Participant: 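Just passing along the structure, written as structure tokens.
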There are 2 protein chains.
Amino acid sequence: MTQIDLSTPKLGRKRDHSRDADILDAALEVLAETGYDGMTIDMVAARAKAGKATLYRRWPSKAELVIDAVACMKKGAYSLEDLPDTGTLRGDLVALIKPHSIVDAEKKMKVMAGLISMLSRQPDLADAANAAIIEPRASVNRVLMQRAIDRGEISPESDIEALALISPSMASYRTLILKKPVDREFLISLIDGVIMPAVGLRARAS
Amino acid sequence: MTQIDLSTPKLGRKRDHSRDADILDAALEVLAETGYDGMTIDMVAARAKAGKATLYRRWPSKAELVIDAVACMKKGAYSLEDLPDTGTLRGDLVALIKPHSIVDAEKKMKVMAGLISMLSRQPDLADAANAAIIEPRASVNRVLMQRAIDRGEISPESDIEALALISPSMASYRTLILKKPVDREFLISLIDGVIMPAVGLRARAS
DNA sequence: TATATACGGTACTGAGCAGTTTCGGAACTT
DNA sequence: AAGTTCCGAAACTGCTCAGTACCGTATATA
């Protein structure tokens, strides 16, 4: 998005943009492991098996590289089309809990942890992080709950906006601050102990 | 807690420990404004109108100073004795929302934001931060909900443990990631849109 | 083939900062 | 008063790191 591209590269060797993804992935890894301030350009270059100069040929600064890396995380999120549709809200919510999605969410949360300190200094990064990490999950919850309203399973008065944010925010709190794992058990207890009661359903309603 | 104090200071000028609080407060301010990595000892010393050497005479390192500063935040928290007792759960929860407590919580959250990146490197800091910032509020919620169960207002099956964490975690999510204010309106909507429905009460109850 | 550009690698520059030292003065003990 | 320790201020040391410059090599155009 914020790549360097100042005019007329006609002659000579062309930039190998297929490496961009490797570099951005390496940046995300280092970001998750050390945080923004602990992350160095040399670490990222080494991880991507690239030269430091190569990174600076493509991004003007460390900050821009990180912003691009975070924005790129957005890909691979849930597509709103192929969501589970089990017929019940609880069934849908539980169906979202898959080993793959747990690991993916954990990775994203570690990236988020590394970004927090930057968010107040770079407001656009806050937007990018929210759009890439939190919003996709909240959005899925909103859709599933709206479906439940449409089919008459839960009250249309339910505060979808607030309820959709519960699992992302509880998960981020648990990862960022408590440093405890967000596992299947925790997510189920959230569904049965908070979400289901809040929409007026009992847990056993499959 | 981790202060320097190696033996036998008998003669000469005595260390003025009344300044400790000023220095720790200054550290918290800088921490909230710039985050751990952006914070420098010189900033803290200047803010506290103290010499840098004075800080190093009292704490062995920047990390120890911060740990002490965070631990000191714990004071000033709610005492579990003088909690509101309005007779209804909603009344109690709403009574907790006072201008003072909002400002106080906001300040603490900004400190937390500055600490996040450190928490994985310093596990004891994670405990201190949780004990000083999150736990006091969660603890209050637990007590109020337990009272509601005891007086038969809500079901004893309510998942107090999870519900007590909702407002702290939603507030931290909102501050740390969304960068939106945690104001009275938001807290009320949390009570009426999530907590009350989840314990089986309607919002208008008191 | 000649020219131009990207590549990985390494060395360099300049700034910022944790932590130390030094100093003149102030405060306490005897 | 003499001796001791603390104080704030400022200079200093050593290291890390963002960003730049340069190298020999690889790959593209003409």
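Just so we're on the same page: letters track the sequence lines, and every chain starts at 1. Note that the structure is a prediction, hence the values are computed from the model and not measured. The analysis underlying the following values was restricted to heavy atoms, covering all of them including side chains, and did not include hydrogens, waters or symmetry mates.
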Participant: In whole angstrom, what separates A:Leu11's CG from D:dT29's P?
Facilitator: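 From A:Leu11 CG to D:dT29 P: 9 Å.
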Participant: Tell me: OH of B:Tyr56 to C1' of D:dC7, nearest whole Å?
Facilitator: 17 Å
Participant: Of all the choices, D:dG8, D:dA18, C:dG19, which nucleotide is nearest to the side chain of B:Ala50 once you look at every atom?
Facilitator: D:dG8
Participant: Have a look at B:Ala53 and say if it touches a base, only the backbone sugar-phosphate, or nothing, with a 4.0 Å heavy-atom cut-off.
Facilitator: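 If one applies the 4.0 Å heavy-atom cut-off, B:Ala53 turns out to touch a base.
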Participant: Ignoring the backbone of B:Lys62, work out which of D:dC17, C:dG19, D:dC6 is nearest its side chain.
Facilitator: C:dG19
Participant: In whole angstrom, what separates B:Tyr36's OH from C:dC17's P?
Facilitator: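 Result: 13 Å.
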Participant: Within the pair A:Thr54 and C:dG8, is there a side-chain N or O less than 4.0 Å away from OP1 or OP2?
Facilitator: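 Affirmative; the distance criterion is met.
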Participant: Can you measure from CG (A:Leu201) to CE (A:Met196) and round to the nearest 0.5 angstrom?
Facilitator: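 A:Leu201 CG to A:Met196 CE: 4.0 Å, rounded to 0.5 Å.
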Participant: Would A:Asp22 and A:Arg19 pass as an ion pair if we require N to O under 4.0 Å?
Facilitator: yes
Participant: Is there a side-chain contact between B:Arg57 and the phosphate of D:dC7, meaning an N or O under 4.0 Å from OP1 or OP2?
Facilitator: yes
Participant: Does the side chain of B:Asp16 come under 3.5 Å of the side chain of B:Ser18 through a donor N or O and an acceptor N or O?
Facilitator: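 Indeed, the side chains of B:Asp16 and B:Ser18 share at least one donor-acceptor pair under 3.5 Å.
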Participant: Using whole Å, report how far CG of B:Leu55 lies from C1' of C:dT20.
Facilitator: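 Atom CG in B:Leu55 sits about 14 Å away from atom C1' in C:dT20.
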Participant: Think A:Lys14 has a side-chain N or O under 4.0 angstrom from the OP1 or OP2 of D:dT29?
Facilitator: yes
Participant: What distance do A:Tyr36 atom OH and B:Ser117 atom OG have between them, rounded to the nearest 0.5 Å?
Facilitator: 12.5 Å
Participant: When all nucleic acid strands are considered with a 4.0 Å heavy-atom cut-off, which category describes A:Asp16: base, sugar-phosphate, or nothing?
Facilitator: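 Since only primed, P, OP1 and OP2 atoms lie under 4.0 Å of A:Asp16, the category is sugar-phosphate.
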Participant: Taking A:Glu33 as the fixed residue, which of A:Lys110, A:Arg47, A:Lys107 is the one that meets the salt bridge (charged side-chain N to carboxylate O under 4.0 Å, His left out) rule?
Facilitator: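 It is A:Arg47, the one option of A:Lys110, A:Arg47, A:Lys107 that forms the salt bridge (charged side-chain N to carboxylate O under 4.0 Å, His left out) with A:Glu33.
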Participant: Send over the distance from B:Arg19 CZ to C:dA26 P, rounded to a whole Å.
Facilitator: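 Checked: the CZ to P distance equals 16 Å.
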Participant: In whole Å, I'd like the distance from the CZ atom of A:Arg13 to the P atom of D:dA30.
Facilitator: 18 Å
Participant: Take B:Lys52 and B:Ala48, find for each the nucleotide of DNA chain D with the closest heavy atom, and name the residue whose nucleotide sits nearer the 5' end.
Facilitator: B:Ala48
Participant: Between C:dG9 atom P and A:Met43 atom CE, what is the distance in whole Å?
Facilitator: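 The distance from CE of A:Met43 to P of C:dG9 comes to 17 Å, rounded to the nearest Å.
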Participant: What is the distance, to the nearest angstrom, from the NE2 atom on B:His17 to the P atom on D:dC7?
Facilitator: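 In whole Å, D:dC7 P and B:His17 NE2 are 8 Å from each other.
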